[in-house]
Amino acid sequence: MDEKLQPVRDAVLKRNPGEKEFIQAVDEVLESLGPVVSRRPELLDASVIERICEPERQIIFRVPWVDDAGKVQINRGFRVEFNSALGPYKGGLRFHPSVYLGIIKFLGFEQIFKNSLTGMPIGGGKGGSDFSPAGRSDEEVMRFCQSFMTELYRHIGEYTDVPAGDIGVGGREIGYLFGQYKRITNRYESGVLTGKGLSWGGSLVRTEATGYGTVMFVQDMLASRNDTLDGKTVSVSGSGNVAIYATELAQRFGANVVTASDSSGYVHDPKGIDLELLKQIKDVERGRINDYVERRGGSAKFIPSGKGSVWEVSADVALPCATQNELHGKDAKALLSNGVVAVAEGANMPTTAEATRLFQNADVLFAPGKAANAGGVATSALEMQQNASRDSWGFDYTYDRLREIMRGIHDNCAASAEDYGLPGNYVAGANISGFMKVADAMLAQGVI
Ligand code: GLU
């Protein structure tokens, strides 16, 4: 890291003890900003980087609810409103037992730069809870969401802060959250949440957007080396919304996607994932990934977690779409020894710093999440546009807008990397171009 940035990093570490994912996300950005502060020393004079590392507001609250057995349960709720230089805070809600302040801050910090890269007028934020929807009835999830919103509603609004989904928060949860917001405020404020159902203010393509966008980014990276996805073997981790739609578009572009996973293990299906079956099991039935192998039969295999990693499967392209820090140095080595040519992060920060370095040193095309998975939040911003104009767009038009946005992100990352003497380094390109736009807006808006 540049020596001028080291004191900033030390201060962040001291101020946020124990928040290792947040520190990891800050390190990753600061490591790219050395050339920027050399060129633009006024950014240091105005403490822009210190300011960007400190959330504008952090809200932590109790979420009491009653389970089906009549027992009162207590969870912790969070909303970190990180940066509003470019627009209202925007970012998802994550419901997962691993959630604590450090996870929400890492996600909120990443969201600032991701949202900036989309070119849309949205700031960065994130929220969630340590509540686990797994194994809970619809009624329990509803009661939890209603209690969560009973505190959150006072902090959000279409011009203030616009939450959406993330891990554990999909269409069902957004529905319950929206219903409670409407009930408390007596306002049909469509633009307060994104990821809504299509008949009540949602946008076509939003469901598919994160996974689709990741594959579009891979298409653009491969094109820069006169290559395509057609005929490539692709390994995907995860089996949630991002993984499912990354698989769908990769298959449409002629790739053979051979894996899927969840916390219980992974599936290797050399003939290619049967996406309808995977959607049925994971989306509709909310089942486990080994059900897939039982129902698919043939050469599909299930490897339980602890007995191997999805990254041992030979693939030309790897798409980590599950969760943070799921692809380690040893996994990168396995992928490299099997000849991987491109890796794109569909999830947020799935690749550890060590694994990222290994890919970059081997000249593998590597797309960081803040660029490669920005299609989800970009389409959320398109949903906000439709809500603001009380309009709803067709699928093809919305898809084309997403395609254009993803190409723009790819080209901007490539151009910034080139401009700062790091051609082909999409990590540096994404951090620099995402950062510059926010930094310039912060300078223009004064010390706030
Ligand atoms: N949670 C998603 C992300 O990581 C989407 C956020 C949004 O649509 O606001 O970008």
Side-chain angles (χ1 to χ4, degrees), residues 21 25 78-84 86-96 99 103-129 152 156-158 160-171 173-174 177-178 190-197 201-214 217 238 240-246 320-324 344-350 367-387 398 401-402 405-406 409 430 434:
E21 296 84 0
F78 301 89
R79 187 72 186 167
V80 173
E81 298 180 333
F82 226 116
N83 192 293
S84 61
L86 299 181
Y89 310 106
K90 181 83 197 86
L93 299 170
R94 176 176 292 192
F95 292 169
H96 191 268
V99 163
I103 293 278
I104 300 299
K105 277 165 69 177
F106 118 63
L107 291 164
F109 186 72
E110 292 257 309
Q111 202 83 45
I112 304 170
F113 308 102
K114 182 195 308 196
N115 294 4
S116 163
L117 284 169
T118 66
M120 312 295 286
I122 42 180
K126 203 86 185 190
S129 174
L152 188 69
I156 63 176
E158 68 173 312
T160 313
D161 184 354
V162 183
D166 195 82
I167 293 171
V169 178
E173 290 75 16
I174 293 294
L177 291 163
F178 184 74
S190 302
V192 70
L193 289 170
T194 61
K196 299 181 293 297
S203 174
L204 286 163
V205 194
R206 177 63 191 88
T207 308
E208 297 86 352
T210 312
Y212 275 18
T214 303
F217 200 95
N241 169 271
V242 183
I244 283 176
Y245 291 100
C321 297
T323 194
Q324 67 275 351
E345 295 186 320
N348 291 311
M349 208 168 73
K370 53 174 83 70
N373 71 39
V377 74
T379 309
S380 278
L382 299 179
E383 182 174 333
M384 291 162 73
Q385 271 189 30
Q386 292 168 76
N387 295 154
T398 316
R401 292 280 310 259
L402 170 64
I405 291 168
M406 292 312 298
I409 297 174

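If you read the sequence from its start, that first residue is 1, and numbering goes on from there. Remember, it's 1-based here, ligands and their atoms both numbered in the order they're listed.
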Would you give the length of the straight line joining atom CD of Glu383 to atom CG of Asn387, rounded to the nearest 0.5 angstrom? 5.5 Å
Tell me if a side-chain donor or acceptor on Glu110 pairs with a main-chain N or O of Leu107 at a distance below 3.5 Å. no
Report the part of Arg94 in contact with ligand 1, treating N, CA, C, O as backbone and CB onward as side chain, heavy atoms under 4.0 Å; options are side chain, backbone, both, neither. neither
Could you check whether any side-chain N or O of Ser84 sits under 3.5 Å from a backbone N or O of Tyr89, counting only pairs where one atom can act as donor and the other as acceptor? no
Can you tell me how far the NZ atom of Lys114 sits from the CG atom of Asn348, to the nearest 0.5 Å? 3.5 Å
Atom indices of ligand 1 within 4.0 angstrom of Arg206 heavy atoms, with elements: 5 (C), 7 (C), 8 (O)
Identify, by atom number and element, the atoms of ligand 1 in contact range of Ser380, meaning under 4.0 Å from any of its heavy atoms. 7 (C), 8 (O), 9 (O)
Closest non-hydrogen protein atom to atom 3 (C) of ligand 1, residue and atom name please, with distance? Lys114 NZ, 3.3 Å
Does Glu110 come within less than 4.0 angstrom of ligand 1, counting non-hydrogen atoms of the residue? no
Just verifying a value: how many Å separate Asp161 CG and Leu193 CG, rounded to the nearest 0.5 Å? 9.5 Å
Under a 4.5 Å cut-off applied to non-hydrogen side-chain atoms, are Arg401 and Thr379 in contact? no
Looking only at protein heavy atoms, identify the closest one to atom 6 (C) of ligand 1 and say how far it is in Å. Gly92 N, 3.5 Å
Tell me, which protein residue and heavy-atom name are nearest atom 9 (O) of ligand 1, and how many Å apart are they? Lys90 NZ, 2.7 Å
Residue-level breakdown please: for Lys126 versus ligand 1, do any non-hydrogen atoms fall below 4.0 Å on the side chain, on the backbone, on both, or on neither? side chain
Under 4.0 Å from a heavy atom of Ala164: give me the atoms of ligand 1 that qualify, with their elements. 7 (C), 8 (O), 9 (O)
Indicate whether any N or O donor in one side chain lies under 3.5 Å from an N or O acceptor in the other, for Ser203 and Gln386. yes
Taking N or O atoms only and a 3.5 Å limit, does Gly165 qualify as a polar contact for ligand 1? yes
Does Ala347 offer a backbone N or O that forms a donor-acceptor pair with the side chain of Asn373 under 3.5 Å? yes
Determine whether the side chain, the backbone, both or neither of Thr379 has a heavy atom under 4.0 Å from any heavy atom of ligand 1. neither
Polar proximity ligand 1 side, Gln111 side, N/O cut 3.5 Å exclusive: yes
